[in-house]
Amino acid sequence: MRPFEVYDTLSRSTRRFQPITPPKVGMFVCGLTPYDDAHIGHGRFAVVFDMVARALRRWGYRVFYVQNVTNVEDKVIRRGAELGVDPLKLSDRYFRAWRDAMDRLGVLSVNYYPHATDYLPEILEQVRTLVDRGRAYASEGSVYYSVAGFPAYGELSGQRTEALRPGARLELDASKRAPEDFVLWKAATPGEPSWESPWGPGRPGWHIEDTAITVRLLGARYDIHGGGVDLKFPHHEAEIAQAEGATGQSPLVNYWMHNGMLTLHGEKMAKSVGNVVGLAETLDAFGPEVLRFFYLNAHYRSPLDFVAGKSLEEAREAFATLAKPAEAIRVAFGRAGETGTAALPDGLRREGEALVERLDATLAEDFRTREAIALLFSWGRSVGPWLERLDELGSADLAILAAPYDWATEVLGFPSGPPAATDVGPVVEAALAARARARARGDFAEADRIREDLTAAGVAVEDRGGSTRWSAPRRPPS
RNA sequence: GCCGAGGUGGCAGAAUGGUUAAUGCGACGGACUGCAGAUCCGUUUCCUGGGGGUUCGAUUCCCUCCCUCGGCUCCA
């Protein structure tokens, strides 16, 4: 197991990671409330924690990564009512769309997506435990957590309960003893989904499913909890209060990781702000690798600004620069013999062998993906002079050239995948043959016209040396 | 107001108590090309919000001010 450091929000410091039960790592990330199409802000947390899980597994940790699905919640119910659809069916539909997007994005590291409604027995048991231990009280069919009885409340976010009271958004709910108390179990409203409980029919509060699920699956204490910074308060604060209040064990989580927000032109992207860019459409237009590149090209804790018509276009160019040598090397490797007619200089060979270690070491410092990507670009420059001579190299040398890119594919999730299969080959070949004839007789106007037509169809044409090469786009042109 | 994260070149975005402050995008020049594109080579020395302080030396550490973003019970 490679040692690494991670910034822990609770202690506000970068700490050396120490699993509770090595090599096992329990990792929980707050997932979606599926009630509408996911946007590219959601994609960021998914890719960030996917990268974390990939890295840890590469380093020898046995990661159990759980991402919950809040499928019963105010917003789901409200949207269902608007559309006249059963809320649970609605959330199921959007969850499926989320999974599709995750598959496309290469987010394959999540072991399990528990749904809130699948954990009602655990939720009810935890609520009852909190009531039994005097942490919570029932009132008018609902159950509330009594924040006053949990002094650590506010430590994660640096908020003090006294400071919260003047907050304009505190619910002035007569059934609560104190305004900062939050609901664990919400009394049923007619026509909405509800489940039987000792306090009457109702449904889970926002925060309780996470701790019911994690106590059940990961235990009273676990290693990593991730999520967006916007969830620090009150959501994660409430999780600590609930779990520690129920189990009597502390700390609930050893390392709190919070990713920075994706902003659109400087403002947080959020459904409630109305400034969202759809995840599925973005994947259609740019493909998963460009999007992953865009996300991981900034440190996960920094805010990341998205500028329409610019950010992803720039990411696409940069990604192409990175991916091209990788693909050329991999293709050459497939053709290469054991020994080549040329050999890499020792200096380059050593650089390549050291680079993979450097990449791991860089990520081991709080997941500095931007720095790792910079190293990969530099490698591209080192490798550059060999790109025209790859066929001269033997497989051992090519493996050295490929190793940093293989590392990137494993941990960052790009570059990967062969070009899309295409059945336009014969058509393109025929057009290029016509173009070659035109060029041969000096009719460049005709030759250029054919090339422009092909370019417009998404086929890149390159004259190299005496031959002409073409390539179909890896994905639909945007 | 309180809590947190930030302010770095034309743009995006790293890093560091010390020779020329990464990397990418863009731009420019060269090779190649019928022209282009792609690719390769090179250039882009005058960039660390303002003001103090510590230090032989600060962009980095400390204080202060200004500004931006996020949270302050909907949120990834």
Side-chain angles (χ1 to χ4, degrees), chain A residues 9 12 29-33 38-49 67 73-75 78 147 154 156-160 162-171 173 179-183 205-207 226-235 237-238 258-263 266-273 293-294 297-299 301-305 307 310-311 313-322 324-325 328 362 365 368-378 380-381 384-388 439 442-445 447-448 451-452 455 460-465 469 471:
Chain A
T9 314
R12 291 174 183 73
V29 172
C30 285
L32 277 202
T33 300
H39 58 70
I40 57 175
H42 298 128
R44 186 181 187 191
F45 92 81
V47 168
V48 160
F49 291 108
Q67 187 186 114
E73 202 266 339
D74 288 358
K75 280 179 301 203
R78 198 182 318 130
V147 169
L156 178 68
S157 58
Q159 305 282 343
R160 281 171 311 194
E162 314 87 71
L164 298 175
R165 295 201 179 227
R169 283 158 72 178
L170 277 174
E171 247 178 273
D173 190 330
E180 65 271 22
D181 291 349
F182 56 88
V183 69
W206 175 29
H207 318 295
V229 277
D230 54 346
L231 295 180
K232 225 160 60 169
F233 187 91
H235 186 56
E237 209 73 75
H258 288 101
N259 64 280
M261 291 293 99
L262 183 82
T263 56
E267 191 180 17
K268 178 183 163 185
M269 183 174 290
K271 195 121 281 174
S272 52
V273 182
F293 178 91
F294 172 65
N297 202 205
H299 187 76
R301 283 191 282 121
S302 305
L304 176 59
D305 194 40
V307 178
K310 180 166 182 290
S311 299
E313 286 75 3
E314 190 177 312
R316 181 172 53 196
E317 294 311 311
F319 171 72
T321 301
L322 186 75
K324 263 169 190 154
T362 298
E365 292 173 23
R368 292 163 49 199
T369 51
R370 185 44 148 76
E371 186 67 12
I373 289 172
L375 290 171
L376 291 167
F377 276 117
S378 300
R381 293 170 69 80
W386 283 91
L387 288 185
E388 298 299 322
R439 292 179 77 205
D443 186 355
F444 295 117
D448 288 350
R451 184 172 62 193
E452 281 160 22
T455 303
V461 177
E462 298 174 28
D463 298 321
R464 305 167 61 131
R469 295 190 194 178
S471 55

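Sequence lines set the chain letters: A, B, ... in the order given, protein chains first and strands last, and positions in each chain run from 1.
Nucleic acid contact for A:Lys324: sugar-phosphate only, since backbone atoms but no base atoms lie under 4.0 Å from a heavy atom of the residue. Using a 4.0 Å heavy-atom distance criterion, A:Asp448 is classed as a base contact. Contact annotation for A:Glu267: backbone-only contact, meaning every heavy-atom pair under 4.0 Å involves sugar-phosphate atoms and none involves a base. Backbone-only engagement by A:Gly266 is indicated by non-hydrogen atom pairs under 4.0 Å involving sugar-phosphate atoms exclusively. Backbone-only engagement by A:Arg368 is indicated by non-hydrogen atom pairs under 4.0 Å involving sugar-phosphate atoms exclusively. No contact: A:Gly43 has no heavy atom under 4.0 Å from any strand. Counting non-hydrogen atoms under 4.0 angstrom, A:His258 reaches nothing in the nucleic acid.
At whole-Å resolution of the value, NE2 in A:His235 and P in B:rG71 are 15 Å apart. Rounded to a whole Å, the CG atom of A:Leu156 is 20 Å from the P atom of B:rC2. As a whole-Å value, the separation of A:Asn259 CG from B:rG6 P is 14 Å. Straight-line distance from the CE atom of A:Met261 to the C1' atom of B:rC74: 13 Å, rounded to whole Å. The interatomic distance linking A:His42 (NE2) with B:rC74 (C1') rounds to 11 Å, in whole Å. Taking atom NZ of residue A:Lys310 and atom C1' of nucleotide B:rG13, one finds them 11 Å apart after rounding to whole Å. As a whole-Å value, the separation of A:Glu388 CD from B:rC41 P is 10 Å. Computed from coordinates, the A:Leu262 CG to B:rC69 C1' distance equals 13 Å when rounded to whole Å.
A distance-only check finds a donor-acceptor pair linking the side chain of A:Arg370 to the backbone of A:Asn297 [under 3.5 Å]. Formation of a donor-acceptor pair under 3.5 Å by the A:Asn259 side chain with backbone atoms of A:Arg301 is not found in this model. A:Arg44 places a side-chain N or O within 3.5 Å of a backbone atom of A:Gly260 that can act as its donor or acceptor partner.
For the C1' atom pair drawn from B:rG17 and B:rU59, the interatomic distance equals 10 Å after rounding to whole Å. Atom P of B:rG52 sits at a distance of 37 Å from the matching atom of B:rU43, rounded to the whole Å. If you take atom P in B:rA15 and the same atom in B:rG9, they sit 16 Å apart, rounded to whole Å. B:rU73 and B:rU16 are spaced 36 Å apart, taking the P atom of each and rounding to whole Å. The gap from the C1' atom of B:rA38 to that of B:rC32 amounts to 11 Å, rounded to the nearest Å. Comparing the P positions of B:rU45 and B:rC66 gives an interatomic distance of 34 Å, to the nearest angstrom. A distance of about 45 Å separates the C1' atoms of B:rC72 and B:rC46, rounded to the whole Å. If you take atom C1' in B:rC67 and the same atom in B:rG49, they sit 8 Å apart, rounded to whole Å.
Each of A:Arg439 and A:Pro234 was matched to the nucleotide of RNA chain B holding its nearest heavy atom; the match closer to the 5' end belongs to A:Arg439. In this structure, A:Gly380 and A:Ala270 both approach RNA chain B, and ranking their closest nucleotides by distance from the 5' end singles out A:Gly380.
A donor atom on one side chain and an acceptor atom on the other are found under 3.5 Å apart for A:Glu237 and A:Ser157.
Base pairing in RNA chain B yields stems of at least 3 consecutive Watson-Crick or G-U pairs, both distances under 3.5 Å, namely B:1-7 with B:66-72, B:10-12 with B:23-25, B:26-31 with B:39-44, B:49-53 with B:61-65.
The side chain of A:Ala298 has B:rA14 as its nearest neighbour among B:rU73, B:rA14, B:rC35. Considering only the side chain of A:Ser272, B:rC74 comes nearest among B:rC74, B:rA14, B:rC40.
Between A:Thr33 atom OG1 and A:His42 atom NE2 the span is 8.0 Å, to the nearest 0.5 Å. Atom NZ of A:Lys324 sits about 11.5 Å away from atom CG of A:Leu387, to the nearest 0.5 Å. The CG atom of A:Leu32 lies 11.5 Å from the CD atom of A:Glu73; values are rounded to the nearest 0.5 Å. Once rounded to the nearest 0.5 Å, the distance linking NE2 of A:His258 with OG1 of A:Thr9 reads 5.0 Å. From A:Thr321, atom OG1 reaches atom CG of A:Leu376 across 12.5 Å, with rounding to the nearest 0.5 Å.
Using a 4.5 Å heavy-atom cutoff, the side chains of A:Phe182 and A:Val147 are in contact. Contact check for A:Ile40 versus A:Met269: side-chain heavy atoms found under the 4.5 Å cut-off. Between A:Leu304 and A:Phe294, the closest side-chain pair of non-hydrogen atoms falls below 4.5 Å. Counting heavy atoms from C-beta on, the side chains of A:Pro234 and A:Glu180 never come closer than 4.5 Å.
Ring planes of A:Phe377 and A:Phe293: perpendicular class, angle over 60° (limits at 30 and 60°).
Applying the 3.5 Å distance criterion, the base of B:rC35 shares a donor-acceptor pair with the side chain of A:Arg451.
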Using a cutoff of under 3.5 Å, can you pull out all pairs of nitrogen or oxygen atoms linking the protein to nucleotides 3-5 of chain B, with atom names and distances?
from: B:rC3; atom 1: O2'; to: A:Ser157; atom 2: O; distance (Å): 2.6

Contact string for nucleotides 19-31 of chain B, one letter per nucleotide 5' to 3', B = base within protein heavy-atom range under 4.0 Å, S = sugar-phosphate only, - = neither, reads ---BBBSS-----

